Asks: 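Please see the structure below; I have some questions.
From a predicted model like this one, the values you see are computed outputs, not experimental measurements. In what follows, chains carry the letters A, B, and so on, assigned in the order in which the sequence lines appear, proteins first and then strands, with residues in each chain numbered from 1.
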2 protein chains.
Amino acid sequence: MTTMKDVANRAGVSTATVSRVLNGHAAPTEQTRTRVLAAIDELGYRPNALARSLRMHSTKTLGLIVSDLLNPFFAEIARAVEDEARAHGYCVVFGNADESAEQQATYVRTLLDRRVDGLLVCPATDDGGWVAEVTESGVPLVLLDRTVDGSTAPVVRVDGTEALRELAASLVATGHERIGVIAGPANTSTGRERLDAFSAALAELGRRPRPEHVLHGDFRRASGAAAAAALMSLPERPSVLVAMDNLMGLGALEELRGRGLVVPRDVGLAVYDDQPWFPLLDPPITVIAQPTVAMGGAAARSLLALIAGEQPADVRLTARLVSRGSCGEAGLVSERASSPFNTAVRTRPTSVSEEDS
Amino acid sequence: MTTMKDVANRAGVSTATVSRVLNGHAAPTEQTRTRVLAAIDELGYRPNALARSLRMHSTKTLGLIVSDLLNPFFAEIARAVEDEARAHGYCVVFGNADESAEQQATYVRTLLDRRVDGLLVCPATDDGGWVAEVTESGVPLVLLDRTVDGSTAPVVRVDGTEALRELAASLVATGHERIGVIAGPANTSTGRERLDAFSAALAELGRRPRPEHVLHGDFRRASGAAAAAALMSLPERPSVLVAMDNLMGLGALEELRGRGLVVPRDVGLAVYDDQPWFPLLDPPITVIAQPTVAMGGAAARSLLALIAGEQPADVRLTARLVSRGSCGEAGLVSERASSPFNTAVRTRPTSVSEEDS
DNA sequence: TCGATCTCTGAGAACGATTACACAGCCAGT
DNA sequence: ACTGGCTGTGTAATCGTTCTCAGAGATCGA
């Protein structure tokens, strides 16, 4: 590799001058400037970002740890973060925790060791032992989607209470008595909050889901299938399932299909987290949509603000209910029943990206 | 931040000794060893990977540039690459080219500047101008999924000719006369190869798609919808559409639904690239499945081999046809027609991850 | 003509690690 | 007691940048 010294020799100047030219300092003459640039060009010189970072105490890099890269929810967030970061001249290094606290801890350490300028974490669990490590290292931290015990870091999250309240009301209005819930892990904030909000909403309506109708999954496909299987094997099985995450929703759907159960005739289904293909199912799936792009953007901005020495406030975006008929919602059911086959959806499917803008 | 010097002072030794302890050299006494470790522990010292990399000329990092992070196909690949890399003690830095050659070039440069030990690229286009830059820098390069003009780098790709031949045969056998193709961009190897292979297969069967029935998209959702719209607006519209990528397939599906067209009654659909939700549609979508996890793993291994100084051969995996009935395939259609509603799929949906193992 | 001021450039010290080399003890063999 | 071979440790160079500081000319006013 050619270094700055090579360029300096070739141009007949010192490395200091080369550095000044490279960083756009005022000092160098137009003449030396062109000489240096010519040398850089001839040698195909590219500065070593490692050395630069070591000297500058800044890597222009953000670290992002997502709970599960295969979850399109996080993939979209990752993409949004990256867009925002690039717009500010930052690069993003990803880590995939795979919903595992240990793997997450490993990545936190790896990224701290590489001296990222800031860390964005979608925590795998409530356990916040790792936060102390980050705080000690002095690297700015922003939490995304989920919170963590004993952390004072800014949080960017989604409030689904209102949407869940609407969903509960809609289910009750449709006449559902036995509501099955495939909840997220009890040791994640989103897992608990969604379940709590939904339970509270039902309670307001005078209903209370039976304990055996509430199962916890792990935000992944297989657990959704397992939970659906368990729920549908009960003597008094639910008339509708609410999956608190798109992957568990996918698993539940697979399980229902595998059992030959028809949605919503045999059992209704609602899912937390919209995905582009949900409107394409028959019936289209009723979902609670989260503003993923906005989340990623907001998180990146908060982190950049933190890096700039500001004190960004917590961000709380709101999810919203998108009723599509998979719970046998009034009006949609009857309309649907009149068409013999797989019919066209009534409205053009709304894309997630459109919703976010 | 505490540095090695701090540790050395605290333990009453030199930085050399600290380094030796850290890197497991034989030299230090058990006594000094424990003293150093104690100091490290008390100070919460973490080595600076930047300084280490600068000195060692190795970052233990692989760069991965994907064409589009939002495409689940690439998300799965990214995940597989990361798993394999981690197993060998490497970290992965991602870049998202967004199907843009310029953005890809920017990322190539950024990653080279950060001195990644190796580069894995899913090229956005055929243009291989950037390859020279990588070669000059001496950083090992492996191409993934798509090839590039004038490159001698090892390639990991998927051969879909046999699967496409089977698909063509199946479509012809089902009686499809007018076959519409939503092809990938002509300036990508996969875009061309899939179209060529499919056309050749049809030619073998004595058919030849009409020129106006072949449209090129850009491997993204909107282009699939636009192409489907154009094709279905023709006076002699196709009886079946073949989308050469899962996102274009998604777009096409949305468009068909929006127009109130029923698959496969009004028009058949087949898609290149399986996704977990394809089996859940009614009818389940016939696809050509690619071994994504195997691709990512193979690519990472090839790159690591290259870094180790070996000369890995090109890898060519094979895609396979999964017939599900969305093209009105014989046997499936009749069975389907007998059930009035959204029916259960006939076999348990096969998950992508199972297929890859 | 002589400072004073201003502009440009270079020498060299960081940044935080690794490691070649030297050296100080120690023990064994003569 | 002296040599020679170990063993364990420290000194200092090095990686490729940035940046402080100081010096070399040039310009200018008195």
Asks: Mind checking if B/Thr3 touches a base, just sugar-phosphate, or nothing, with heavy atoms under 4.0 Å?
Replies: sugar-phosphate
Asks: Quick check on side chain to side chain contact (heavy atoms under 4.5 Å, CB included): which of A/Val7, A/Val21, A/Val18 does A/Val13 satisfy it with?
Replies: A/Val18
Asks: For nucleotides 5-10 of chain C, which of its nitrogen or oxygen atoms have a protein nitrogen or oxygen under 3.5 Å away, and what is each distance?
Replies:
| residue | atom | partner | partner atom | Å |
| --- | --- | --- | --- | --- |
| C/dC8 | O5' | A/Ala27 | O | 3.4 |
| C/dC8 | O3' | A/Thr29 | OG1 | 3.0 |
| C/dT9 | OP1 | A/Thr29 | OG1 | 3.2 |
| C/dT9 | OP1 | A/Thr32 | OG1 | 3.2 |
| C/dT9 | OP2 | A/Thr29 | N | 3.1 |
| C/dG10 | OP2 | A/Ser14 | N | 2.9 |
| C/dG10 | OP2 | A/Ser14 | OG | 3.3 |
| C/dG10 | OP2 | A/Thr17 | OG1 | 2.8 |
| C/dG10 | N7 | A/Arg20 | NH2 | 2.8 |
| C/dG10 | O6 | A/Arg20 | NH1 | 3.4 |

Asks: Rounded to whole angstroms, how far apart are CG on A/Leu50 and C1' on C/dA17?
Replies: 11 Å
Asks: Check the pair B/Asp83 / B/Arg79 against salt bridge (Lys or Arg N to Asp or Glu O under 4.0 Å), numbers first and verdict last.
Replies: CA-CA 6 Å; B/Asp83 278 352; B/Arg79 201 250 154 109; 3.2 Å; yes
Asks: Would you mind reading off the bend of the helix from C/dT1-D/dA30 to C/dT30-D/dA1 from its two end axes, five pairs each, to 10 degrees?
Replies: 70°
Asks: Have B/Asn187 and B/Thr125 got a donor and an acceptor in their side chains that come within less than 3.5 Å?
Replies: no
Asks: Report the distance from atom NZ of B/Lys60 to atom P of C/dT18, rounded to the nearest whole Å.
Replies: 14 Å
Asks: I'd like to check the salt bridge (Lys or Arg N to Asp or Glu O under 4.0 Å) partners of A/Arg52; sequence neighbours left out, ordered by chain and number.
Replies: none
Asks: Just by distance, with hydrogens left out, do A/Ser19 and A/Asn23 show a side-chain donor and acceptor under 3.5 Å apart?
Replies: yes
Asks: Under the salt bridge (Lys or Arg N to Asp or Glu O under 4.0 Å) criterion, do A/Glu99 and A/Arg146 qualify, and how do the steps go?
Replies: CA-CA 12 Å; A/Glu99 301 286 2; A/Arg146 308 178 190 166; 3.2 Å; yes
Asks: Applying a 4.0 Å non-hydrogen cut-off, can you work out what B/Arg52 is touching in the nucleic acid: base, sugar-phosphate, or nothing?
Replies: sugar-phosphate
Asks: What integer distance in Å separates A/Arg55:CZ from C/dA17:P?
Replies: 16 Å
Asks: Using a cut-off of 4.0 Å on non-hydrogen atoms, how would the nucleic acid contact of B/Met4 be classed: base, sugar-phosphate, or nothing?
Replies: base
Asks: Would you say that A/Val158 contacts A/Pro291 through its side chain, given a criterion of any heavy-atom pair below 4.5 Å between the two side chains?
Replies: yes
Asks: Which nucleotide span of DNA chain D, 5' end to 3' end, has atoms closer than 4.0 Å to non-hydrogen atoms of chain B?
Replies: D/dG8 to D/dG16
Asks: Find the distance B/Arg46:CZ to C/dA17:P and express it as a whole number of Å.
Replies: 11 Å
Asks: Hey, are B/Asp98 and B/Arg220 close enough for a salt bridge, meaning a charged N less than 4.0 Å from a carboxylate O?
Replies: yes
Asks: Side chains of B/Thr61 and B/Val92, heavy atoms from C-beta outward: is any pair under 4.5 Å?
Replies: no
Asks: Which residue pairs satisfy the ring pair (Phe, Tyr, Trp, His ring centres under 6.0 Å) criterion with at least one member in residues 60-102 of chain A, sequence neighbours excluded?
Replies: A/Phe94-B/Phe94
Asks: Please table the atom pairs, donor to acceptor, closer than 3.5 Å between any side-chain atom in residues 293-311 of chain B and protein atoms at least two apart or in another chain.
Replies:
| residue | atom | partner | partner atom | Å |
| --- | --- | --- | --- | --- |
| B/Arg301 | NH1 | B/Glu84 | OE1 | 3.1 |
| B/Ser302 | OG | B/Ala298 | O | 3.2 |

Asks: Roughly, in whole Å, what's the span from CG in B/Asn23 to P in C/dA20?
Replies: 12 Å
Asks: Check the distance between C/dG16's P and B/Leu43's CG and give it to me in whole angstrom.
Replies: 14 Å
